[in-house]
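Heavy-atom basis, side chains included; hydrogens, waters and symmetry copies ignored. Residue indices begin at 1 and follow the sequence shown.
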Amino acid sequence: MIILLMSSSIFASVSRNEKNALLDLYTATNGDNWIKKWDFNQPISTWYGVTVVDDKIVSINLSSNNLVGSIPSSIQDLKYLESFNVFKNNLKGHFPSELFKIQTIKHINISFNMFTGNLPESISLASGLVSLELFMNQFSGSLPNNI
């Protein structure tokens with residue numbers, strides 16, 4: 001029975017939607033030029049900065065990894081994500097409000113990038129949010145009333 005359990009964990013993997021969301025992130029942020037790239041021939045659990053628990057992606061930490069571009073809307077497909085850290089990269093565009101649609105999200109760090117615009121009102125969707133680090137971007141306007 002132990003052999004059966006071991007073999008099933010070897011072949012376990014994250015859902016197709018979660019894998020596609022990671023691939024979108026890689027493409028949208030110029031993954032071929034990252035400092036630490038992902039090897040698509042290896043299990044996702046071995047990809048740099050990705051934490052998988054019980055076949056679910058729970059954390060992404062790609063700080064200081066030369067990400068250039070923007071966060072794709074498919075990031076919201078990482079429905080078990082608890083922590084998202086892209087500190088000190090070259091990301092731009094509006095705040096990736098899709099992160100607030102992830103009900104499990106607790107920690108977001110997008111500091112030291114080039115995000116612009118107002119913070120979205122959808123911040124109220126992230127009821128479990130514990131920390132939100134936004135400094136050293138180019139946001140404008142006031143904080144949403146629901147903060």
Side-chain angles (χ1 to χ4, degrees), residues 8-147:
S8 68
S9 67
I10 291 170
F11 296 109
S13 63
V14 302
S15 73
R16 180 169 300 286
N17 281 349
E18 287 184 289
K19 182 175 183 177
N20 287 340
L22 289 179
L23 295 175
D24 288 349
L25 177 64
Y26 189 86
T27 301
T29 59
N30 202 15
D32 289 338
N33 289 317
W34 288 2
I35 295 168
K36 295 182 180 178
K37 300 170 184 62
W38 291 341
D39 182 348
F40 300 124
N41 294 315
Q42 297 298 317
I44 292 173
S45 60
T46 66
W47 293 3
Y48 174 77
V50 177
T51 303
V52 178
V53 175
D54 295 329
D55 300 331
K56 296 168 180 63
I57 297 167
V58 297
S59 177
I60 295 175
N61 183 349
L62 297 171
S63 61
S64 302
N65 200 35
N66 197 37
L67 278 68
V68 177
S70 59
I71 305 299
S73 62
S74 59
I75 198 76
Q76 68 189 345
D77 292 335
L78 299 173
K79 60 184 180 177
Y80 304 103
L81 195 65
E82 296 176 8
S83 179
F84 183 76
N85 183 349
V86 290
F87 169 81
K88 201 174 180 188
N89 282 288
N90 293 301
L91 297 169
K92 61 183 179 180
H94 290 285
F95 183 92
S97 61
E98 291 82 7
L99 286 169
F100 295 137
K101 296 178 182 177
I102 303 171
Q103 294 182 356
T104 55
I105 198 75
K106 294 178 184 172
H107 307 280
I108 299 172
N109 186 347
I110 62 168
S111 300
F112 282 85
N113 281 285
M114 296 177 287
F115 290 106
T116 59
N118 295 327
L119 294 178
E121 292 289 330
S122 62
I123 194 169
S124 64
L125 296 174
S127 59
L129 196 61
V130 174
S131 66
L132 176 62
E133 298 179 57
L134 307 170
F135 55 92
M136 299 304 290
N137 279 288
Q138 299 170 4
F139 292 116
S140 57
S142 57
L143 292 173
N145 291 330
N146 51 15
I147 292 183

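Panel note: side chain Lys56, backbone Val53; no donor-acceptor pair is recorded below 3.5 Å. Here the side chain of Asn65 pairs a donor or acceptor atom with the backbone of Lys36 at under 3.5 angstrom. Between the side chain of Ser15 and the backbone N or O of Glu18 there is at least one donor-acceptor pair closer than 3.5 Å. Looking at Asn61, its side chain does come within 3.5 Å of a backbone N or O of Ser63 through a donor-acceptor pair. Proximity of a side-chain donor or acceptor of Asn33 to a complementary backbone N or O of Asn66 within less than 3.5 Å is not detected.
The distance from atom CD1 of Ile35 to atom CG of Leu67, rounded to the nearest 0.5 Å, is 9.0 Å. Separation of atoms CH2 (Trp38) and CG (Leu62) is listed at 5.5 Å; rounding is to 0.5 Å. Once rounded to the nearest 0.5 Å, the distance linking OG of Ser127 with CD1 of Ile105 reads 12.0 Å. A distance of 10.0 Å separates NE2 of His94 from CZ of Phe139, quoted to the nearest 0.5 Å. For the atom pair OG of Ser59 and NZ of Lys106, the computed distance is 11.5 Å after rounding to the nearest 0.5 Å.
Scanning for side chain to side chain donor-acceptor pair (under 3.5 Å) contacts around Ser142 gives an empty result, with sequence neighbours left out. With sequence neighbours excluded, no residue satisfies side chain to side chain donor-acceptor pair (under 3.5 Å) with Thr104. Evaluation of the side chain to side chain donor-acceptor pair (under 3.5 Å) rule for Asp24 yields Ser74 as partners, not counting sequence neighbours. A search for side-chain contact (heavy atoms from CB on, under 4.5 Å) contacts involving Asn118 returns Ser140, not counting sequence neighbours. Legend: residues meeting side-chain contact (heavy atoms from CB on, under 4.5 Å) with Ala28, ordered by chain and number and at least two apart, are Pro72. Take Phe40 and apply the ring-ring contact (aromatic ring centres under 6.0 Å, His included) test, not counting sequence neighbours, and it matches Tyr26, Trp47. The side-chain contact (heavy atoms from CB on, under 4.5 Å) check on Asp54 picks up nothing, with sequence neighbours excluded. Partners of Ser70 under the side chain to side chain donor-acceptor pair (under 3.5 Å) rule, at least two apart in sequence or in another chain, do not exist in this structure. With sequence neighbours excluded, the residues forming a side-chain contact (heavy atoms from CB on, under 4.5 Å) with Met136 are Phe112, listed by chain and number.
Annotation: side chain of Leu91 is not in contact with side chain of Ile110 (no heavy-atom distance under 4.5 Å). Looking only at side-chain heavy atoms (C-beta outward), Ile71 and Phe115 come within less than 4.5 Å of each other. Taking the side chain as every heavy atom from C-beta outward, Asn90 and Asn30 never approach each other to under 4.5 Å. Taking 4.5 Å as the limit, every side-chain heavy atom of Thr46 sits out of range of all side-chain heavy atoms of Asp39. At least one side-chain heavy atom of Leu22 sits less than 4.5 Å from a side-chain heavy atom of Ile60.
What you find for Phe100 and Ser122 is that their closest heavy atoms are CB-O, 3.4 Å. Minimum heavy-atom separation, Leu132 to Ile123: CD2-CD1, 3.4 Å. The heavy-atom pair separating Lys88 from Asn113 by the smallest distance is N-ND2, 4.0 Å.
Of the N and O atoms on the side chains of Ser111 and Asn109, at least one donor lies less than 3.5 Å from an acceptor on the other residue.
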Side-chain donor-acceptor contacts of residues 75-85 below 3.5 Å, not counting sequence neighbours, with atom names and distances?
| unit_1 | atom_1 | unit_2 | atom_2 | d |
| --- | --- | --- | --- | --- |
| Asn85 | OD1 | Phe87 | N | 2.9 |

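Sparse packing is recorded around CD of Gln103, with 12 or fewer heavy atoms of other residues, nucleotides or ligands lying under 6.0 Å away.
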